[in-house]
Amino acid sequence: MNNFHVRLGTEVADALREHRPVVALESTIVSHGLPRPDNLRVAREIEQTVRDAGAVPATIGMVSGQLVVGLDDAELTRLATVDGVSKLSVRDLAVAAATGADGATTVAATSAVAAAAGIGVFATGGLGGVHREAAHTFDESADLGTLARTPIAVVCAGVKSILDVGATLERLETLGVAVVGYRTRRFPGFYLTDAGFDLDWSVDSPEQVADVLAARAGHGVHPGGLLVANPLPIDEQLDPALHDRTLTEGLARLERDGVTGKAVTPYLLAHFHSATAGASLAVNVRIILRNADLAARIAVAAARRGDSAA
Ligand code: PSU
Ligand code: MN
């Protein structure tokens with residue numbers, strides 16, 4: 001990209017030029033989704049996991065108004081530790097750039113920037129979606145609308161269980177976002193292995209995901225994203241009873257404290273991390289690392305077949 005406001009990290013630029021595998025990573029998870037000081041350690045572990053699987057990590061964020069694809073360690077440290085880092089969705093990017101802000105990109109913003117930079121695979125924890133009171137509040141994550149028009153494969157453990165999962169799946173269908181289970185036909189519920197919904201499609205290997213991406217590129221028909229839903233093994237999920245208790249309590253507090261808008265997701269995640277005494281954090285980290293590993297293997301498979309989209 002010949003854009004003054006977007007800088008590719010050297011390693012990422014080299015890898016893209018040489019058609020080597022690259023995996024995009026988001027920074028909202030680091031700045032707003034995980035508690036300090038674990039967030040920085042985990043951010044580095046995610047990158048290392050991508051490297052171990054043979055791909056180059058490209059963590060995306062904004063530093064002093066400049067969008068960076070492939071934050072270096074000093075920049076990653078800054079977004080993980082400095083106060084006042086904005087949570088940036090797609091619509092915020094230009095304003096944040098023009099005002100010189102530090103910002104962390106959501107799934108929506110990370111997807112859009114990654115695709116524009118020529119990166120075809122992205123790993124996150126859980127996608128944003130339709131919030132439980134959306135019928136009244138209209139609170140639906142911009143992640144959904146952005147994926148409708150962004151050609152990228154997002155590896156995630158479904159959508160966060162704090163959301164209305166059924167409504168989110170319906171919206172993904174309406175918006176034309178493809179959803180495939182990785183070795184499952186059940187949609188995962190982030191902390192929980194199974195959110196209680198069937199999927200139409202399942203894929204068995206990174207190579208098969210690369211086949212899907214190649215077919216999509218070859219058809220030139222489907223402009224949108226592909227969700228690769230990668231569930232936790234059942235013995236690694238958060239205890240469902242603890243999960244349900246914590247969620248009920250978190251939703252009640254949300255209402256009591258009058259939290260709305262973009263603060264909802266960070267608020268509920270923080271509640272989980274404190275109310276489960278770190279149990280949800282361990283599960284959350286495990287989810288992200290597993291997704292980073294799978295995304296890297298998909299990027300490697302796609303690069304092997306010479307697929308320029310990855
Ligand atoms: N999943 C996580 N932790 C997070 C998020 C997702 O495990 O912090 C973030 C992602 O950046 C996602 C955002 O895009 O939450 C959704 O926020 P909202 O509901 O405000 O769109
Ligand atoms: Mn929202």
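What you see below is based on every heavy atom in this structure, not just the backbone, and it leaves out hydrogens, waters and symmetry mates. Whatever order the structure lists them in is the order used to number ligands and atoms, beginning at 1. Here the structure is a predicted model, which is why all the values come from computation and not from measurement. Index from 1, following the sequence.
Within 4.0 Å of ligand 1, contacts by protein heavy atoms are made from E26, T28, I29, G33, K87, T106, V107, G126, H131, S141, D143, K160, F190, K262, T265, L269, N284.
V30 approaches A43 most closely through the heavy-atom pair CG2-CB, 3.7 Å.
The Mn ion (ligand 2) is closest to atom OD1 of D139 (considering only N, O or S atoms).
For the residue pair T184 / S202, no side-chain donor-acceptor distance below 3.5 Å is found, with atom types taken as modelled.
More than 12 heavy atoms of other shown residues, nucleotides or ligands fall within 6.0 angstrom of atom CD in Q48. Atom CD of Q208 has more than 12 neighbouring heavy atoms from other residues, nucleotides or ligands inside a 6.0 Å radius.
Salt bridge present: R36 and D83 bring a charged side-chain N and a carboxylate O closer than 4.0 Å. Remark: R256 does not engage E249 in a salt bridge, criterion side-chain N to carboxylate O under 4.0 Å.
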